[in-house]
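Structure first, commentary second.
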Amino acid sequence: MAKAKHAKTNAVRQLEQQKIQFDVLEYETGDGQVDGISVAEKIGHPVSRVFKTLVAKASAQKLFVFVIPVAEELDLKAAAKVVGEKKIEMLPVKELLGYTGYVRGGCSPVGMKKLYPTVIDTTAREQGSIIISAGKIGMQVHVQIDDLLAVTKGQLAPITTIHE
């Protein structure tokens, strides 16, 4: 994967430091269409390959990161069970930057302020490689799932509403 000139986000820096191969995919944001499905269309990849990063909390200081397909919804009960909690709820958007260093729409599971427990939906394994935020709106990275699991110390589990 070629080394092109691109913005150095925390995610990109960490991938480079860990010598993980990735491709940067940039897209136009001027039209305001920055939801995951629009992003997939803009970068010319199937929606099933593009994943979003969600942050949830079990208590004030206990955060978890979930990476799921952009067209799906996080199953909070399944996600809580996977991380060993009775209940979790989505982190309020106003708290996202403070905890992660990222803004809504540009949140990457790689390069957050702290390494939070990370769970990636099992559908990622079927893809082999997935596309996630590079840490800023308008920029994505395409990485192998095993590399993403390694850099986030993540695990795979069924955490979307489509799973039984």
Side-chain angles (χ1 to χ4, degrees), residues 1 9-25 27 34-40 43 45-58 62-91 93 95-97 99-137 139-164:
M1 297 186 195
T9 63
N10 286 343
V12 168
R13 278 188 206 93
Q14 189 169 1
L15 291 170
E16 287 178 348
Q17 285 169 356
Q18 304 226 357
K19 301 197 179 350
I20 290 174
Q21 289 201 340
F22 63 96
D23 282 322
V24 171
L25 306 165
Y27 60 94
V34 293
D35 63 278
I37 294 170
S38 297
V39 168
I43 61 175
H45 283 271
V47 171
S48 60
R49 179 153 283 164
V50 181
F51 281 59
K52 60 186 171 186
T53 303
L54 302 172
V55 182
K57 65 179 181 175
K62 208 163 187 190
L63 298 185
F64 301 96
V65 175
F66 299 99
V67 181
I68 66 170
V70 295
E72 304 303 331
E73 287 187 31
L74 180 64
D75 181 332
L76 289 170
K77 284 185 177 178
K81 188 174 179 184
V82 168
V83 297
E85 295 292 333
K86 285 190 171 106
K87 182 183 175 196
I88 59 170
E89 59 188 38
M90 296 306 299
L91 183 71
V93 173
E95 296 178 23
L96 189 63
L97 180 62
Y99 281 111
T100 67
Y102 293 129
V103 298
R104 182 175 186 260
C107 188
S108 177
V110 179
M112 288 187 180
K113 287 181 173 183
K114 284 179 60 182
L115 183 61
Y116 297 109
T118 302
V119 182
I120 302 168
D121 190 64
T122 50
T123 57
R125 174 63 70 207
E126 300 156 19
Q127 298 297 329
S129 64
I130 62 172
I131 298 165
I132 57 170
S133 174
K136 75 176 215 168
I137 297 172
M139 195 170 152
Q140 302 283 104
V141 287
H142 188 182
V143 296
Q144 295 296 316
I145 187 58
D146 288 333
D147 289 338
L148 183 60
L149 286 166
V151 75
T152 61
K153 296 186 176 24
Q155 65 174 320
L156 289 171
I159 53 172
T160 59
T161 56
I162 58 169
H163 295 287
E164 299 297 18

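Every value quoted in this text rests on a predicted model; they were computed, and no experiment measured them.
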Any chance you could lay out the side chain to side chain contact (heavy atoms under 4.5 Å, CB included) test for V55 and T100, step after step, and finish with the verdict? CA-CA 9 Å; V55 182; T100 67; 4.0 Å; yes

Determine whether Y99 and K113 satisfy the following criterion, side chain to side chain contact (heavy atoms under 4.5 Å, CB included), listing intermediate values before the conclusion. CA-CA 7 Å; Y99 281 111; K113 287 181 173 183; over 6 Å; no

I'd like to know whether Y27 forms a side chain to side chain contact (heavy atoms under 4.5 Å, CB included) with V39, so could you lay out the CA-CA distance, the side-chain angles of the two residues, the decisive distance to 0.1 Å, and finally the verdict. CA-CA 7 Å; Y27 60 94; V39 168; 3.5 Å; yes

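Of the options I132, L148, D23, a side-chain contact (heavy atoms from CB on, under 4.5 Å) to V141 is made by I132 and by none of the others. A side-chain contact (heavy atoms from CB on, under 4.5 Å) with R49 is found for exactly one of I43, I131, T123, namely I131.
Using a 4.0 Å cut-off between charged nitrogen and carboxylate oxygen, K19 and D147 do not count as a salt-bridge pair. A salt bridge links K57 with E95: at least one charged nitrogen is closer than 4.0 Å to a carboxylate oxygen.
Looking only at distances, no side-chain donor or acceptor of T161 sits under 3.5 Å from a matching main-chain atom of D75.
The shortest distance between side-chain heavy atoms of M90 and L76 falls below 4.5 Å. M139 has its side chain out of reach of L25: every pair of non-hydrogen atoms, C-beta onward, lies at least 4.5 Å apart. For the pair K136/N10, no side-chain contact is recorded, criterion being any heavy-atom separation below 4.5 Å from C-beta on.
Residues I159 and D121 share a closest heavy-atom pair of N-OD1, 2.9 Å. F22 and V24 get closest at one heavy-atom pair: CE1-CG2, 3.6 Å. In plain terms, the two heavy atoms of F64 and A58 that are nearest each other are CE1-CB, 3.8 Å. Looking at every heavy atom in both residues, A124 comes nearest to L156 through CB-CD2, 4.4 Å. Residues I37 and A71 approach most closely at CD1-CB, 4.2 Å, considering heavy atoms.
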